[in-house]
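Just so we're on the same page: letters track the sequence lines, and every chain starts at 1. Here the structure is a predicted model, which is why all the values come from computation and not from measurement.
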Amino acid sequence: MKVKTLHSWELSQTEAIELQKTLAKRIITRDNFSEINTVCGVDVGYDKKVQQATAACVVMSYPALEVIEKVRVTTPIKLHYIPGLLSFREAPALIPAFARLKTEPDLVICDGHGLSHPRRFGLACHLGLLLDTPTIGCAKSLLIGSCSEPGVTRGSYEYIWDTGEVIGAVLRTKNGVKPVYVSTGHRIGLSSAIDFILGCTRNHRLTEPVRYADLDAV
DNA sequence: GCGACAG
DNA sequence: ATCTTGTCGC
């Protein structure tokens, strides 16, 4: 699929932070799509020994959730991990994988946050702009903000608040199991994002597309 | 200054 | 993310 070139990846930490503030203004936080028939899950694995990152994209049909296409690409590691700048470590690794994807996914689910980020520009937002595709951030732990514990049954959720605004939701995807943190990436609203995360989840805490990508990103 | 901090 | 054994439960 096509990937936009919005900027260079050769940036200092301060430049990256300024870039996030600028690009955050371009994020569309309401539903801006017609029909979702394919969903793509992504994940990146690292091998510190050889300094290589392995990105995996798994496209599945929706709502059937059957694998349509899988792509795996290995590239050199660009940066070390810095909280708040995850997209500058993962996006460069994911871009080549998306470029090699034949299917044009209608929705992308990321392993990380979207709007629930210090500058409202997590990995899901960044990827959404680069791909110009609806994206959802689905993280396994909280980065910023606060929320109360959602009910123990699948489907129950609570909002994540920060500086007086709702930036995402803590969602229980499986009975009695630790919840996930959902937030808007790009071109989608929070309530739709929650619906799709539930629609992509079966008998596991994580979304099926991301779970498959996890297994591939070795 | 102190503590927190997606993967 | 990654390094790691056994163990509890569906």
**OP:** Enter the distance from E208(A):CD to I109(A):CD1 here, rounded to the nearest 0.5 Å.
**Re:**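 Atom-to-atom, E208(A):CD and I109(A):CD1 are 10.0 Å apart.
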Subject >> Nearest-0.5 Å distance that lies between atom CG in L115(A) and atom CD1 in I160(A) >> reply: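 Interatomic distance, L115(A) CG to I160(A) CD1, rounded to 0.5 Å: 10.5 Å.
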**OP:** Flag yes if Y159(A) and I197(A) sit in one hydrophobic cluster, no otherwise; membership is Ile, Leu, Val, Met, Phe, Trp, Tyr, and two members link when side-chain heavy atoms are under 4.5 Å apart.
**Re:** yes
**OP:** Have a look at L85(A) and say if it touches a base, only the backbone sugar-phosphate, or nothing, with a 4.0 Å heavy-atom cut-off.
**Re:**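 It contacts base atoms.
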Give a yes or no on whether a salt bridge exists between [X] and [Y], defined as a side-chain N under 4.0 angstrom from a carboxylate O.
X       : Y       : answer
D132(A) : R187(A) : yes
R120(A) : E165(A) : yes
R172(A) : E158(A) : no

Original post:
Going through the distances and angles, do R100(A) and E69(A) end up as a salt bridge (Lys or Arg N to Asp or Glu O under 4.0 Å)?
Top reply: CA-CA 11 Å; R100(A) 208 168 292 187; E69(A) 187 184 355; over 6 Å; no
Subject >> Within 45° cone of Y46(A) ring axis and under 6.0 Å: R89(A) NZ or CZ >> reply: yes
Subject >> Involving DNA chain B, stems made of at least three consecutive Watson-Crick or G-U pairs, both distances under 3.5 Å >> reply: none
Please give, in whole Å, the distance from [N] [atom2] to [X] [atom1]?
X       : N      : atom1 : atom2 : result
I17(A)  : dA6(B) : CD1   : C1'   : 15 Å
Y181(A) : dA6(B) : OH    : P     : 11 Å
K178(A) : dA6(B) : NZ    : C1'   : 11 Å
D43(A)  : dA1(C) : CG    : P     : 7 Å
H80(A)  : dG7(B) : NE2   : C1'   : 13 Å
E90(A)  : dA6(B) : CD    : C1'   : 9 Å
D162(A) : dA6(B) : CG    : P     : 15 Å
L86(A)  : dC5(B) : CG    : P     : 15 Å

**OP:** Please find out if less than 6.0 Å separates the ring center of H117(A) from that of H126(A).
**Re:** no
Subject >> T133(A): which of V3(A), I188(A), L107(A), V108(A) passes side-chain contact (heavy atoms from CB on, under 4.5 Å) >> reply: V108(A)
Subject >> B/S/- contact track for nucleotides 3-10 of chain C, protein heavy atom under 4.0 Å >> reply: --------
Subject >> Test salt bridge (charged side-chain N to carboxylate O under 4.0 Å, His left out) applied to D216(A) and R72(A), K70(A), R211(A), the passing residue >> reply: K70(A)
**OP:** Output yes when at least one side-chain N/O atom of Y46(A) is less than 4.0 Å from OP1 or OP2 of dG7(B), else no.
**Re:**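 For Y46(A), the contact criterion (side-chain N or O under 4.0 Å from OP1 or OP2 of dG7(B)) is not met.
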Original post:
Which of residues 110-146 of chain A have a heavy atom under 4.0 Å from DNA chain B?
Top reply: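 Under 4.0 Å from DNA chain B: D111(A), G112(A), H113(A), H117(A), G122(A), L123(A), A139(A), K140(A), S141(A), L142(A), L143(A).
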